[in-house]
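What follows is a short report on a single structure.
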Amino acid sequence: MRKLLHSARRWLGAAGGSVDAWLSPNCRFDLLSFNSTAPVIEVNAGVSAPSLLSTVDGRWFSLPVGKASPVQSKLSLLSIPHGGYMSTSSLLFRRVDIMSISTADVRLVKGNLLPVTNLSCPFGYSFAYTFTLLPLYDPELEVKPYSCSSPFSANVPSCNAPAYSAFITCTSCPSNYISLKQGRADANQTWTIANTNSVQQRDEIQCKECPPQFIYKGAASIQAQTGYWFPPLPLLWQYYNWSWEDVILACPPSACQPATPFEFSDGVLQPDTSMCSTGRDMESKLCSMCLANHSTDLISKKCYSSSVVEQWPASTVVFLVFFSILILAYLVFLHLKPLGPQSPWLRIIVNYFSVVGLLHTSTDGGGGSLIVGGILRILSAFSSPISHSSPSLRLVLPGAQPIDVHLMEGVVSLCVGAVFAVSIAARWGLAKAAQRSQLRTRLLLGIFTLLLLSYSSISELVFSFLTCVDVPILDNITSSTAVLSMESRLWIHAEWQCWTAYVGWSVLLVFGLLFVFGFPLGLYIWQGLFPSNDRWMHRLHLRYSHLRRRSKGSAKQASGPSWSGVSVIYLLEGRLKEWYWDVLLFYRRALFALVFVFAPFGMLQQVFFAVLSVAFFALHIHYNPYDSQLANLTETVSYVLLLFINILNFPSVSFLTNNVELTESSRTFLQHTVFAQSVLASAGLVVLVLALACAYGWKLVKVVTVRRHALCLPCKRKFNSNCLRRAKHRTTVSKKRGDVDNVAITSTETVRYSELTDI
């Protein structure tokens, strides 16, 4: 036997002629890479056939093959085309009595065959050992006691004896098919009858067509596209009842955007690759958890190691203190500010920031704020114009998971509203009867203002908990045909079961949906029933009342129930030319949140965003809903900026959804695209600041002008006398009719905004 050194392009050994090759089971031949077309072990017959023998009966040596050339679809581990007869035992079989078999029927010697062990193919290659019997002339049968050619004393039917051949091969999956399993002899020790002459020992590897979420690089080499999660692939191949549609799931925003995409090369997971964003745990479902000793950033929702940030960083403490002071200051402001019509600027600012945040999160893997990031990118561009990378502003909350930060966005809004309501209730208990009506109005206006600020976060929180997905669960495998089980989990945090599994969750979500859709609807109905001829609901109510009275034969003029809340509706609609515009803005934000949560990530989601942006932009241009032309112009500019930011999302989505190949030049293009979005978003902030400065600066100028004129003594005396006369008149009216908030208006009366102003 010739024994050769390990080589990637040569066979391991060959034997020929009448040679007995003794192999020890303690031998191990590790072929890390095998690229030869010749067999690893080749046994050729000469005058007589050689034999493979084991130093320990029936035990094979170890021969694992690491990988092969991608162009090689078949490897030969053992080739014995003519092995001779089975008259003596070998590594492949135990001796067969030649008198016991008369034909080359492999079923007659199946009990004497020994299965192969300790041999394994590369990942993506199936294992097959084929043992074949063929009739071959045996000269030993010519002599006694066989005398095969004697017509009188022959003890065997012919001079042919069954001779064997043996082949061990590794066969790759077809092109564009993959398997993260390697064919092994030990995986299946049973024989399968191929035909009357052949039996096989096989280990199939379950080749699957490469899904579009993977980049095919070989039978066991793939690179996963970003934005998707799947269970561990080598474990997955131990199950038999799954499809790619079941196990490859789209991740929540910013969860599956790794720095280096997940990759298997020749069945081996490449180091420093991941399917999750940096700091997230691949073993958690849908990458919903941070790694051990990692915490979540409040702005970007990224996970950072505790070795990178200290416990309770100073930046986080300063931010939380500042944020708490800001909330308290705003609550005090709501308590002390003079009651007046709701400013359109709060509506414009909140609508702009809520939509620009959704547009940014729908494409950016890291999350965070496009406004803050844009300002920092612009500032960094002056010092380093080439680099437009994401800023490193971190507000890490120690021990927090991404779901904790997500819940905080909605819970904080509810807590602020509750604190405001409790504080107003406390003032109500201490106030005099004459002041309670004003406190009631202040409570309603304050709650409405807080809802303007937090409606988007509350609706997005409610919608995000509605979506559930079936997640594959890899249980302990107890059989060779393990069945993959699926569980319904929350999409936003797949470590939790779906809300349908808990009654409490179901009740909370029902109340949440009633609030998200019911509050704007209730507001619309309440405003629509206001006794004014420009409101169709009021006119419809009058017509219904008139028809009902006619059917009863009553001659009395139709009237409806009293309507109260004149001062509240004036405070809500005082700056609006269209009374229902607030309801429209609430549903606009709800629709954007619905698209963000339920529309599939990719081009379709961005198209929905664009359609909504164009539709509401057209409505705004048509109606010009605010009484201030500056406010209308400012919101027009904000709509245009949002539409351009939305359009710039399409290139990013094309790459993220793998419709376009990502190259170095395309990466540079995407960096410039993100920088352009940051500039546009920051420009929107600048426009809002300038518009606010103009609006309130002009008010300040008018106040100063009025006070300067009031310094004139004759004017001052006249002004004071008018004030006394008006105060006396209001006192008389108040005594006769009661407080303005308790004014009752029947459905036969109509009120204009000018009358509301006088009231």
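Computed over heavy atoms, backbone and side chain alike; hydrogens, waters and symmetry mates excluded.
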Are a donor atom and an acceptor atom from the side chains of Lys181 and Gln206 found within less than 3.5 Å of each other?
no
Does the pair Leu233 and Ile222 meet the rule for a side-chain contact (heavy atoms from CB on, under 4.5 Å), with working shown?
CA-CA 11 Å; Leu233 294 180; Ile222 56 98; 4.2 Å; yes
Is it the case that more than 12 heavy atoms not belonging to Glu283 sit under 6.0 Å from its CD atom?
no
Any donor-acceptor pair under 3.5 Å linking the side chain of Ser126 with the backbone of Gly183?
no
Would you find a donor on one side and an acceptor on the other, under 3.5 Å apart, between the side chain of Thr673 and the backbone of Leu648?
no
Using 30° and 60° as the class boundaries, would you call the ring planes of Phe609 and Phe592 parallel, tilted or perpendicular?
parallel
If you count the non-hydrogen atoms of other residues, nucleotides and ligands that lie under 6.0 Å from CG in Asn176, is the total more than 12?
yes
Candidate pair Thr130 and Gln200, rule side-chain hydrogen bond (donor to acceptor under 3.5 Å, both in side chains), full reasoning:
CA-CA 5 Å; Thr130 304; Gln200 286 186 329; 3.1 Å; yes
For Trp60, side-chain hydrogen bond (donor to acceptor under 3.5 Å, both in side chains) partners two or more places apart
none
Take the SG atom of Cys287, take the SG atom of Cys256, and say whether they are under 2.5 Å apart.
no
4.5 Å side-chain heavy-atom contact, Val40 and Leu31
yes
Is the number of heavy atoms from other residues, nucleotides or ligands within 6.0 Å of CZ (Phe323) greater than 12?
no
Can you tell if the side chain of Cys290 reaches within under 4.5 Å of the side chain of Thr296, non-hydrogen atoms only?
yes
Side-chain heavy atoms of Gln182 within contact of Pro64, under 4.5 Å:
no
Are any non-hydrogen side-chain atoms of Tyr239 and Leu474 less than 4.5 angstrom apart?
yes
Mind checking whether Trp312 and Leu320 have side chains closer than 4.5 Å, heavy atoms only?
yes
Yes or no on side-chain contact (heavy atoms from CB on, under 4.5 Å) for Tyr125 and Val65, after CA distance, side-chain angles and deciding distance?
CA-CA 10 Å; Tyr125 286 74; Val65 181; over 6 Å; no
Please tell me whether Ser652 and Asn649 have a donor and an acceptor in their side chains that are separated by less than 3.5 angstrom.
no
Is a donor on one side and an acceptor on the other found under 3.5 Å between the side chain of Gln401 and the backbone of Gly399?
no
Just wondering, are more than 12 heavy atoms of other shown residues or ligands nearer than 6.0 Å to OH in Tyr216?
yes
Begin from the C-alpha positions of Trp244 and Phe230 and carry the test ring-ring contact (aromatic ring centres under 6.0 Å, His included) through to its verdict.
CA-CA 9 Å; Trp244 290 119; Phe230 40 85; 7.7 Å; no
Would you say Phe608 has more than 12 foreign heavy atoms packed within less than 6.0 Å of its CZ?
no
Indicate whether the side chain of Asn646 and that of Gln606 have a donor and an acceptor atom separated by less than 3.5 Å.
yes
Hey, are the side chains of Cys468 and Thr500 touching, using non-hydrogen atoms and a 4.5 Å cut-off?
no
Please tell me if the side chains of Leu77 and Cys170 come closer than 4.5 Å, counting only heavy atoms from C-beta onward.
yes
Note: Lys285-Glu487 ion pair, threshold 4.0 Å (strictly below)
no
